[in-house]
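Data first, discussion second: the structure below is written as structure tokens.
Here the structure is a predicted model, which is why all the values come from computation and not from measurement. We number each residue from 1, following the sequence as shown.
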Amino acid sequence: MAKDSELWDVIYDGIFVPTKNLGDPTVAIPKTRKEFNETNRKVVEKNFRAKKILVCGIVPDEYNRISTCLSVKEILEALQIAHEGTTQVKQSKIDMLTTEYELFRMKDDESIQDMYIHFTSIINELYSLGKIISRNKLVRKILSVLPNSYESKVNTIT
């Protein structure tokens, strides 16, 4: 578990570049690979390990998006933008899905199962974008969109 946590640190913090101090005034410059000590190698290796995990876990089309990324942080950011969009796009998606949730109704020719599948897909998309709706609100929403033929069951539940 600790190793996994260290890999996430590399992903979120970015690649670690070992440096050395030179000159007067002192300036930090990157070490060459030949100058790495054992600790430097272990830390730099984490970036390669994390990158390998991400690269091996994606399909070829996704690989084309991230093939030029140098660090795992860049890979993560590229994948997030590709799938979630920028912050503005993400917020627009959340707003659109929230409106769809609020206006959600069961169609006349729709079965309960089909209605629930459609409802769940809206909720799952909202959840994947970070918008979480409480279980109580979800249940109340489902009960409110059921047709009148289910009124006795709705009354029993509520």
Side-chain angles (χ1 to χ4, degrees), residues 1-19 28 30 39-40 42-158:
M1 184 67 164
K3 289 192 184 281
D4 294 340
S5 175
E6 291 171 359
L7 291 179
W8 275 113
D9 290 343
V10 170
I11 291 169
Y12 283 107
D13 298 339
I15 191 168
F16 170 76
V17 179
T19 58
T39 305
N40 295 152
K42 285 182 181 179
V43 174
V44 169
E45 187 179 291
K46 288 177 191 165
N47 185 66
F48 292 116
R49 227 177 311 147
K51 188 173 182 178
K52 182 175 135 184
I53 289 168
L54 286 177
V55 169
C56 290
I58 59 174
V59 295
D61 291 341
E62 293 292 328
Y63 180 77
N64 292 334
R65 282 193 182 132
I66 56 104
S67 62
T68 59
C69 297
L70 298 176
S71 72
V72 223
K73 186 174 184 166
E74 287 178 44
I75 292 172
L76 182 65
E77 289 168 356
L79 290 173
Q80 282 177 323
I81 289 171
H83 292 280
E84 295 177 359
T86 62
T87 305
Q88 289 176 323
V89 171
K90 184 178 175 180
Q91 189 57 52
S92 294
K93 286 180 183 178
I94 289 171
D95 293 343
M96 181 189 69
L97 288 164
T98 301
T99 301
E100 192 175 342
Y101 164 79
E102 290 168 354
L103 299 175
F104 183 81
R105 297 285 175 257
M106 183 174 172
K107 297 173 187 155
D108 293 334
D109 62 339
E110 198 172 35
S111 71
I112 295 286
Q113 186 175 0
D114 290 341
M115 178 271 300
Y116 187 72
I117 290 169
H118 181 211
F119 183 76
T120 304
S121 71
I122 295 169
I123 299 310
N124 288 344
E125 284 186 64
L126 281 167
Y127 184 79
S128 73
L129 293 168
K131 171 84 172 181
I132 297 164
I133 301 170
S134 73
R135 182 79 54 199
N136 289 339
K137 283 186 178 182
L138 296 175
V139 170
R140 279 183 276 166
K141 182 65 174 179
I142 288 284
L143 292 174
S144 73
V145 300
L146 290 173
N148 289 337
S149 59
Y150 286 87
E151 187 176 349
S152 64
K153 292 176 184 172
V154 169
N155 290 336
T156 303
I157 292 170
T158 56

Output all residues satisfying side chain to side chain contact (heavy atoms under 4.5 Å, CB included) with Thr68, sequence neighbours left out; order by chain, then residue number. none
Are Ile133 and Thr98 close enough that some pair of their side-chain heavy atoms sits under 4.5 Å apart? no
For Tyr127, all residues meeting ring pair (Phe, Tyr, Trp, His ring centres under 6.0 Å), sequence neighbours excluded: none
Over 12 non-hydrogen atoms of neighbours within 6.0 angstrom of NZ in Lys46: yes
Kindly indicate, with the supporting measurements, whether the criterion side chain to side chain contact (heavy atoms under 4.5 Å, CB included) is fulfilled by Ile81 and Val89. CA-CA 9 Å; Ile81 289 171; Val89 171; over 6 Å; no
Minimum heavy-atom separation for Tyr116 and Ile142, please, with both atom names. CD1-CD1, 4.0 Å
How would you list, by chain and number, every residue that makes a side chain to side chain contact (heavy atoms under 4.5 Å, CB included) with Asp109, sequence neighbours excluded? Lys107
Would a 4.5 Å heavy-atom cut-off, applied to side chains only, mark Val139 and Leu143 as touching? yes
Step through the shown structure and confirm whether more than 12 heavy atoms of other residues, nucleotides or ligands are within 6.0 Å of CZ on Arg135. no
Would Ile122 and Leu126 count as a side chain to side chain contact (heavy atoms under 4.5 Å, CB included) if you check the C-alpha gap in whole Å, the side-chain angles of each, and the deciding distance to 0.1 Å? CA-CA 6 Å; Ile122 295 169; Leu126 281 167; 4.2 Å; yes
OG on Ser144 to CE on Met106, rounded to 0.5 Å: 12.0 Å
CZ/Arg49 to NZ/Lys42 distance, rounded to the nearest 0.5 angstrom? 10.0 Å
Output yes when a side-chain donor or acceptor of Lys51 lies under 3.5 Å from a complementary backbone atom of Cys69, and no otherwise. yes
By side chain to side chain contact (heavy atoms under 4.5 Å, CB included), Asn124 pairs with (sequence neighbours left out) Thr120
Got a sec, which pairs hit salt bridge (Lys or Arg N to Asp or Glu O under 4.0 Å) with one end in residues 56-75, sequence neighbours left out? Glu62-Arg65
Minimum side-chain heavy-atom gap His118-Asp114 below 4.5 Å: no
Non-neighbouring partners of Gln88 that pass side chain to side chain contact (heavy atoms under 4.5 Å, CB included), sequence neighbours left out: Thr86
Assess whether side chain to side chain contact (heavy atoms under 4.5 Å, CB included) is satisfied between Glu100 and Glu125, documenting all intermediate values. CA-CA 11 Å; Glu100 192 175 342; Glu125 284 186 64; over 6 Å; no
Roughly how far apart are Leu129 CG and Leu97 CG, rounded to 0.5 Å? 6.5 Å
Taking side chain as C-beta onward, heavy atoms only, is Lys131 less than 4.5 Å from Tyr101? no
Close side-chain approach of Pro18 to Val44, heavy-atom, < 4.5 Å: yes
When you measure from the centre of the six-membered ring of Phe104, is the NZ or CZ of Lys141 under 6.0 Å away and within 45° of the axis? no
